[in-house]
Amino acid sequence: MGLLLNHGYTVFPVNPILANQGETVHDQKVYASLKDIPVPIDMVDIFRNSEAAGGVVDEAIAIGAQGVWLQEGVINEEAATRAQKAGLDVAMD
């Protein structure tokens, strides 16, 4: 996340536990869910296990994100297909 911030990207960390504790990550407010972020989201970078990634992809579709990026080793073909059918760009493994 720090690397993205250092290169000028705007990053919104999402973690319900940290959000409920009022925490920040790299001085950025943590949100409980994607729907809580008050601005449109271009890409959702998913750092969850393959099974949990499907729910995050569904949230990304619901908020109108433009794409999802499942990090290395995170593979969920069904979720990727749902995202592509919804018009999102998908990066996976």
Side-chain angles (χ1 to χ4, degrees):
M1 182 175 153
L3 181 65
L4 292 171
L5 290 166
N6 288 339
H7 281 87
Y9 290 94
T10 302
V11 180
F12 300 98
V14 176
N15 181 307
I17 295 169
L18 295 179
N20 289 334
Q21 295 173 349
E23 296 286 332
T24 62
V25 175
H26 291 280
D27 295 324
Q28 305 299 307
K29 176 182 178 178
V30 179
Y31 292 88
S33 70
L34 292 175
K35 68 181 180 188
D36 295 329
I37 300 171
V39 297
I41 301 300
D42 296 328
M43 181 187 69
V44 176
D45 197 354
I46 302 173
F47 288 90
R48 299 288 308 271
N49 65 41
S50 296
E51 185 178 317
V56 179
V57 167
D58 293 336
E59 285 186 58
I61 293 167
I63 65 162
Q66 296 176 19
V68 292
W69 179 5
L70 287 74
Q71 287 300 304
E72 186 174 353
V74 180
I75 300 169
N76 187 319
E77 296 291 347
E78 295 83 12
T81 298
R82 287 194 306 273
Q84 289 170 331
K85 285 183 178 179
L88 280 69
D89 293 324
V90 176
M92 182 173 64
D93 213 349

J.: For a quick test of reading the model, state the closest non-hydrogen atom pair linking V11 to Q28 and the distance between them.
T.: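 Heavy atoms only, the tightest pair is O-OE1, 3.8 Å.
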
J.: Shared ILVMFWY cluster between L70 and L4, side chains joined below 4.5 angstrom?
T.: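 No.
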
J.: Using distance only, find each side-chain donor-acceptor pair of residues 38-47 under 3.5 Å and give its atom names and separation, not counting sequence neighbours.
T.:
from : atom 1 : to  : atom 2 : distance (Å)
D42  : OD1    : Q66 : NE2    : 3.4
D45  : OD1    : Q71 : NE2    : 2.4

J.: Within this structure, what is the CG-CD1 distance for the pair N49 and I75, rounded to the nearest 0.5 Å?
T.: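 So the gap between those two atoms works out to 12.5 Å.
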
J.: Is it the case that the side chains of S33 and D36 hold a donor-acceptor pair, with the cut-off being a distance below 3.5 Å and no angle test?
T.: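 A pair is found: one side chain offers a donor N or O, the other an acceptor, under 3.5 Å apart.
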
J.: I'd like to know if V25 and W69 are part of one continuous hydrophobic network [Ile/Leu/Val/Met/Phe/Trp/Tyr, side-chain heavy atoms within less than 4.5 Å].
T.: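 Different hydrophobic clusters.
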
J.: Indicate if I61 and V14 have the same hydrophobic cluster label, given that clusters are the connected sets of ILVMFWY residues with side-chain heavy-atom separations under 4.5 angstrom.
T.: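 Yes, because I61 and V14 connect within a single hydrophobic cluster, where side-chain heavy atoms sit under 4.5 Å apart.
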
J.: Which atom pairs, one a donor and one an acceptor, fall under 3.5 Å between side chains of residues 81-93 and the rest of the protein, sequence neighbours left out?
T.:
from : atom 1 : to  : atom 2 : distance (Å)
T81  : OG1    : E77 : O      : 3.0
R82  : NE     : D58 : OD1    : 2.8
R82  : NH2    : G54 : O      : 3.3
R82  : NH2    : D58 : OD1    : 3.2
R82  : NH2    : D58 : OD2    : 3.4

J.: According to a hydrophobic-cluster definition based on side-chain heavy atoms being under 4.5 Å apart (Ile, Leu, Val, Met, Phe, Trp, Tyr only), do F12 and L34 belong together?
T.: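 Linked, F12 and L34 end up in one cluster.
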
J.: Are there more than 12 heavy atoms of other residues, nucleotides or ligands under 6.0 Å from atom CD of Q21?
T.: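 Atom CD in Q21 is crowded, with more than 12 foreign heavy atoms closer than 6.0 Å.
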
J.: Out of curiosity, L5 CG to D27 CG, how far, rounded to the nearest 0.5 Å?
T.: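 The CG atom of L5 sits 9.0 Å away from the CG atom of D27.
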
J.: What is the minimum heavy-atom distance between G73 and S50, and which atoms define it?
T.: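 Shortest heavy-atom contact: O-OG, 3.6 Å.
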
